[in-house]
Amino acid sequence: MARRYDPDRRTKIIDAALRVIAADGMAGLSHRTVAAEADVPLGSTTYHFGSLDELLVAALRRCNENFVQALRGSEVLAAPGSIPEGPVGLAEELTRLLDRWFAGERGAIELEYELYLAALRRPALRPVAAEWTEEAVELLSRRTDPETARALVALMDGVCLQVLLTGGTFDAPYTREMLGRIVDGGS
């Protein structure tokens, strides 16, 4: 029997890995569990991803896109002169984006951060974990200096982690005020 070519198989495997991690955490991830979830032969997972780290890199890269796409897609951040000068404009837009992100499915945010934090124990993931930070800093640097942009990203990361780890809710007024303080202290 001839082998069937499936151009989407790699994508199916990455999607399956994300579903496995969402359901069972990092501990549940193996080539076998991913192959079963993707409904592909076990050899397909090892053909496309020689190690679990390679699969996790692809999964994290896919997750990284979520919030960065929101930043990229923000008409307010993209269009020159479209946000008011000073701390209120930038802080307001970032708070709005975070609020909208948290209004979505919380499981997707948890999955993204689980993969992001997996880089603590898996060195192969560290450069990919840093990619989203660098891209977010680059995007925000269009509106402020790079140091302030990095501080804004760090605060947003911290707020997200606190909300996720405490099971709390996103506090938009507090976040807006703290982001505003950072922007106001920047050039």
Side-chain angles (χ1 to χ4, degrees), residues 17-19 21-27 56-57 59-123 125-187:
L18 291 170
R19 289 191 302 273
I21 296 167
D24 302 322
M26 294 293 291
L56 286 169
V57 163
L60 178 56
R61 193 162 274 132
R62 168 88 50 84
C63 281
N64 275 353
E65 281 299 306
N66 292 337
F67 193 72
V68 170
Q69 277 182 342
L71 289 174
R72 262 192 240 120
S74 166
E75 290 179 21
V76 173
L77 292 176
S82 62
I83 54 178
E85 291 298 317
V88 176
L90 184 55
E92 183 66 37
E93 178 61 4
L94 293 175
T95 301
R96 185 189 70 75
L97 291 172
L98 284 170
D99 195 33
R100 196 171 78 206
W101 198 46
F102 273 108
E105 185 186 331
R106 192 174 184 121
I109 301 169
E110 290 171 354
L111 173 62
E112 187 169 339
Y113 270 89
E114 184 163 2
L115 283 164
Y116 184 59
L117 293 173
L120 291 171
R121 301 256 182 222
R122 293 181 177 264
L125 296 178
R126 290 179 187 156
V128 181
E131 282 175 9
W132 102 263
T133 300
E134 294 308 316
E135 187 164 358
V137 167
E138 181 182 319
L139 289 166
L140 293 176
S141 292
R142 297 175 186 168
R143 297 293 181 193
T144 188
D145 61 275
E147 293 78 17
T148 301
R150 188 165 297 285
L152 290 167
V153 170
L155 177 64
M156 290 187 298
D157 240 352
V159 166
C160 291
L161 278 172
Q162 286 179 359
V163 170
L164 293 172
L165 294 175
T166 64
T169 57
F170 176 66
D171 185 345
Y174 169 79
T175 302
R176 184 179 306 104
E177 180 182 340
M178 294 304 111
L179 289 168
R181 288 182 185 185
I182 291 172
V183 174
D184 196 30
S187 59

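Heavy-atom basis, side chains included; hydrogens, waters and symmetry copies ignored.
- For Glu134, the side-chain hydrogen bond (donor to acceptor under 3.5 Å, both in side chains) criterion is met by Arg150, not counting sequence neighbours.
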Full working for side-chain contact (heavy atoms from CB on, under 4.5 Å) between Leu18 and Leu115: CA-CA 9 Å; Leu18 291 170; Leu115 283 164; 3.5 Å; yes
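- Pairing each heavy atom of Thr144 with each of Ala149, the nearest pair is CG2-N, 3.7 Å.
- For the atom pair CG (Leu164) and CD1 (Ile109), the distance works out to 6.5 Å, reported to the nearest 0.5 Å.
- Counting only heavy atoms from C-beta outward, the side chains of Leu140 and Leu90 approach each other to under 4.5 Å.
- Partners of Leu117 according to the side chain to side chain contact (heavy atoms under 4.5 Å, CB included) rule, which considers only residues two or more places apart in sequence or in another chain, are Leu120, Leu161.
- The CZ atom of Arg126 sits 13.0 Å away from the CG atom of Leu60 when rounded to the nearest 0.5 Å.
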Evaluate the side-chain contact (heavy atoms from CB on, under 4.5 Å) criterion for residues Met26 and Leu56: first the C-alpha distance (whole Å), next the side-chain angles of each, then the deciding distance (0.1 Å), finally the verdict. CA-CA 10 Å; Met26 294 293 291; Leu56 286 169; 3.5 Å; yes
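- No side-chain heavy atom of Thr148 sits less than 4.5 Å from a side-chain heavy atom of Arg143.
- Listed by first then second residue, pairs satisfying salt bridge (charged side-chain N to carboxylate O under 4.0 Å, His left out) with a partner in residues 153-171 number zero, not counting sequence neighbours.
- Residues meeting the salt bridge (charged side-chain N to carboxylate O under 4.0 Å, His left out) test with Glu177, sequence neighbours left out: Arg181.
- Put simply, OG1 on Thr175 and CG on Leu94 are 10.5 Å apart, with the number rounded to the nearest 0.5 Å.
- Side-chain N or O atoms of Glu114 include none that pairs as donor or acceptor with a backbone N or O of Gly25 at under 3.5 Å.
- The side-chain hydrogen bond (donor to acceptor under 3.5 Å, both in side chains) test applied to Arg61 returns Glu131, not counting sequence neighbours.
- The distance from atom CG of Leu71 to atom CZ of Arg142, rounded to the nearest 0.5 Å, is 10.0 Å.
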Can you give each donor-acceptor pair under 3.5 Å made by side-chain atoms of residues 99-108, sequence neighbours left out, with the distance rounded to 0.1 Å?
unit_1	atom_1	unit_2	atom_2	d
Arg106	NH1	Gly168	O	3.2
Arg106	NH2	Val163	O	2.7
Arg106	NH2	Gly168	O	3.3

